[in-house]
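Below is one structure, written out as structure tokens, with a few remarks after it.
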Amino acid sequence: MASEKPIGLFDSGVGGLTVVREMFRQLPQENLIYVGDSARCPYGSRPVEQVRQFSFEIMDFLVEQDVKMIVIACNTATAVSLTEARVRYPVPVLGVITPGSRAAISATRTERIGVIGTEVTVSSGSYAREMHRINPRLQVVSQACPPFVKLVEDGDLDSQETERIVRDYLAPLQHEMLDTLILGCTHYPLLQPVIQKVAGSKVQLISSAEETAREASFILAEKDLLQTDNPAPVHRFYTTGDAAHFTDVAERWLERKVEVRSLSLGIK
Ligand code: DGL
């Protein structure tokens with residue numbers, strides 16, 4: 001039996017749109033609800049307990065909207081809330097760290113993998129733990145890149161200053177002989193051209209988006225919840241921040257018109 005209910009996704013801001021874009025490609029008939037918490041972005045430098053509170057507040061909202069699945073389209077929120085969310089909610093909950101880890105493991109040839117992400121994600125050790133569970137031989141090196149999220153939220157994707165900042169933060173990884181670098185924050189694929197330029201063409205960049213959408217598709221198919229016969233899917237976007245700015249970034253990244261509503265969340 002197909003389900004017309006929407007899939008709910010959220011992120012601290014526009015980063016999760018990288019997952020939405022892949023959902024459009026792989027699950028084009030699904031109705032979606034996306035929440036971007038730009039007013040409280042970035043999550044990645046906040047205390048863990050606060051990120052958990054924000055994440056559960058948004059997931060409660062999505063469950064009230066009667067979603068059939070939640071995708072935590074944010075590495076930081078995944079690192080601190082996924083395990084508990086799976087117990088708390090009656091619908092499947094997916095994060096981006098396991099899919100990103102799998103994609104990196106299948107891409108690496110030298111077993112030397114780098115991870116860049118927010119401070120919370122990197123200090124959680126979630127990527128290394130997940131990858132070592134599958135292959136304990138992997139060499140995993142991580143680097144937090146706190147300023148990257150703001151560059152993306154501001155839409156400052158390719159200035160000279162952006163390149164300088166990316167160069168500074170990737171410098172510690174340059175001598176690690178990595179062949180694979182995980183973009184362990186869903187904002188970072190928007191900086192992919194500059195990150196690739198700085199990392200060099202021999203390093204494969206991994207975004208979780210593709211593998212996450214694939215996993216969502218598997219789970220929905222397995223539970224018989226895939227949406228079928230839906231030529232005009234409904235996509236609802238909410239932001240806690242400036243709706244005009246969010247619309248601008250979303251339309252550029254998703255290459256289509258979107259309608260964005262304002263959402264006000266309680267905890268500041
Ligand atoms: N996009 C988010 C992530 O994947 C979080 C960025 C932030 O708010 O710090 O980690």
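For ligands, and for the atoms within them, numbers begin at 1 and follow the listed sequence. Sequence positions, counted from 1, serve as the residue numbers for this chain.
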Relative to each other, are the rings of Tyr34 and Phe237 parallel, tilted or perpendicular (30° and 60° limits)?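 Tilted.
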| said: Show me which atoms of ligand 1 lie under 4.0 Å from any heavy atom of Thr118. | reply: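 Selected atoms, number and element: 6 (C), 9 (O), 10 (O).
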message: Give the atom numbers and elements of ligand 1 that come within less than 4.0 Å of a heavy atom of His187.
response: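 Those atoms are 1 (N), 2 (C), 6 (C).
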Compute the centroid of each ring, for Tyr238 and then for Phe61, and state whether the two points are separated by less than 6.0 Å.
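Ring centroids of Tyr238 and Phe61 are less than 6.0 Å from each other.
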For this session: Would you please indicate yes or no on a ring centroid separation below 6.0 angstrom for Tyr188 and Phe148?
Result: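 So the answer is yes for these two rings.
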Candidate pair Ser101 and Thr98, rule side-chain hydrogen bond (donor to acceptor under 3.5 Å, both in side chains), full reasoning:
CA-CA 5 Å; Ser101 301; Thr98 302; 5.9 Å; no
Under 4.0 Å, heavy atoms only, figure out whether ligand 1 is touched by the backbone of [X], its side chain, both or neither.
X: Ser12; answer: side chain
X: Asp11; answer: side chain
X: Cys41; answer: side chain

Self-check item: Side chains of Gln65 and Arg236, donor plus acceptor under 3.5 Å
Solution: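 Per modelled atom types, Gln65 and Arg236 side chains form a pair under 3.5 Å.
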Problem - Test item: side-chain donor near acceptor, Glu22 and Gln26, under 3.5 Å - result: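 There is such a pair between these side chains.
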**Asked** Between Thr186 and ligand 1, does any nitrogen or oxygen pair lie at a separation below 3.5 Å?
**Response**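 Yes; at least one N/O pair falls below 3.5 Å.
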* What protein heavy atom sits nearest atom 10 (O) of ligand 1, and how far away is it? ->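 Ranking protein heavy atoms by distance from atom 10 (O) of ligand 1, first comes Thr76 OG1, 2.6 Å.
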Tell me the protein heavy atom at minimum distance from atom 9 (O) of ligand 1, and give that distance in Å.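 Of every protein heavy atom, Gly44 N, 2.8 Å lies nearest to atom 9 (O) of ligand 1.
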